[in-house]
Amino acid sequence: MNRCRLALVVLMIAAVKLNAQISQAERKPVNPIRPFVVMPAQSLDEVQQKLQSANKVEELIGGEGMQLRVAIQHEKNTVSANAEIHNASDDIYYVLDGSATLTVGGMLSSPKEVEPGEWRGGIIGGRRIEVKKGDLIIVPRGTPHQRSTTDQNFTMILIKVFAEPRPAPKQTPK
């Protein structure tokens with residue numbers, strides 16, 4: 001009887017190993033879901049110059065089906081009325097020019113959901129940080145954050161990384 005159990009155990013181990021080998025043999029890398037993007041410095045400089053005249057955002061990459069949004073954002077003399085929290089996206093800022101005061105961390109006071117997963121309110125216990133040209137800031141989802149550019153010009157690349165692909169825009173009835 002012990003030999004039968006031993007043989008059964010050996011067969012089961014062999015079957016598991018064979019199954020793992022077959023599964024690995026069938027696995028292969030995925031194909032790209034869209035073309036790669038290369039934006040030369042000159043193109044980025046042109047977008048940055050175009051935005052200098054006012055508070056503007058120029059979307060570079062994003063849209064339906066994307067889990068990534070890349071934009072260049074220029075702010076001049078602005079103070080966000082409220083801090084924000086994103087439930088399902090991380091923010092990455094790369095400062096191209098100027099400086100701003102970033103308040104980050106802590107918690108939202110009187111949070112109000114302005115759209116699904118997007119919250120606004122004041123910050124309690126956040127840390128104030130002066131950010132300037134060349135700084136890289138990563139704000140993970142769920143982290144309260146707020147920017148102020150009072151008496152300053154500020155230009156950054158904003159990269160949003162979404163937990164899920166972005167849905168198609170809602171169609172308005174005609």
- Task: Rounded to the nearest 0.5 Å, what's the gap from CG on Leu44 to CD on Gln42? Could you check?
- Result: 10.5 Å
- Task: Would you mind reporting whether Asn82 and Leu108 have side-chain heavy atoms less than 4.5 Å apart?
- Result: no
- Message: On a heavy-atom basis, which atom in Thr149 and which in Ala100 lie closest, and how many Å separate them?
- Response: CG2-CB, 3.7 Å
- Item | Within-4.5 Å side-chain heavy-atom neighbours: Ile138 and Asp90 | no
- Between Gly65 and Pro165 the two heavy atoms that sit nearest each other are O-CB, 3.5 Å
- Shortest non-hydrogen contact from Ile124 to Ser109? CD1-CB, 3.3 Å
- Message: Under 4.5 Å between side-chain heavy atoms, counting indirect links through other Ile/Leu/Val/Met/Phe/Trp/Tyr residues: same cluster for Ile92 and Val37 or not?
- Response: yes
- Rounded to the nearest 0.5 Å, the NE2 atom of His74 sits from the NZ atom of Lys56 at a distance of 9.5 Å
- Hydrophobic cluster of Tyr93, others only, ordered by chain and residue number, side-chain cut-off 4.5 Å: Val95, Leu102, Val104, Ile129, Val131, Ile137, Val139, Phe154, Met156, Leu158
- Query: If every non-hydrogen atom of Gly134 is compared with every non-hydrogen atom of Tyr94, which pair is closest and at what distance?
  - Reply: O-CE1, 3.5 Å
- Message: Please list all pairs meeting salt bridge (Lys or Arg N to Asp or Glu O under 4.0 Å) that have one or both residues in residues 63-81, counting only residues at least two apart or in different chains.
- Response: Glu59-Arg69, Glu75-Arg147
- Exceeds 12 heavy-atom contacts within 6.0 angstrom, atom CD of Glu130: yes
- Task: Answer with yes or no whether the hydrophobic clustering places Val47 together with Leu96; edges join I, L, V, M, F, W, Y residues whose side-chain heavy atoms lie under 4.5 Å apart.
- Result: yes
- Query: Measuring from Met39:CE to Ile72:CD1, what's the distance to the nearest 0.5 Å?
  - Reply: 6.5 Å
- Message: My understanding is that only residues two or more places apart in sequence, or in another chain, count here; which of them pass side-chain contact (heavy atoms from CB on, under 4.5 Å) with Thr150?
- Response: Asn77, Val79, Ser148
- Task: Evaluate the side-chain proximity of Arg141 to Ser89: yes if any heavy-atom separation is below 4.5 Å, no if none is.
- Result: no
- Message: With rounding to the nearest 0.5 angstrom, report the CG to CG distance, Leu51 to Asn153.
- Response: 11.5 Å
- Message: Main chain of Ala163, side chain of Gln67: is a donor-acceptor contact present, judged purely on distance under 3.5 Å?
- Response: yes
- Task: Answer yes or no: are there more than 12 heavy-atom neighbours, outside Met107 itself, under 6.0 Å from its atom CE?
- Result: no
- Query: With a 4.5 Å limit on heavy-atom distance, are the side chains of His86 and Glu118 in contact?
  - Reply: yes
- Can you spot which of Val70, Asp91, Leu68 makes a side chain to side chain contact (heavy atoms under 4.5 Å, CB included) with Val161? Leu68
- Query: Are the side chain of Ser110 and the backbone N or O of Gly121 linked by a donor-acceptor pair below 3.5 Å?
  - Reply: no
- Identify the two heavy atoms, one from Gly122 and one from Ala83, that lie closest to each other, and give their separation to 0.1 Å. C-CB, 4.5 Å
- Query: What's the spacing between Thr155 OG1 and Gln49 CD if we round to 0.5 Å?
  - Reply: 9.0 Å
- dist His145:NE2 -> Ile123:CD1 (nearest 0.5 Å) comes out at 8.5 Å
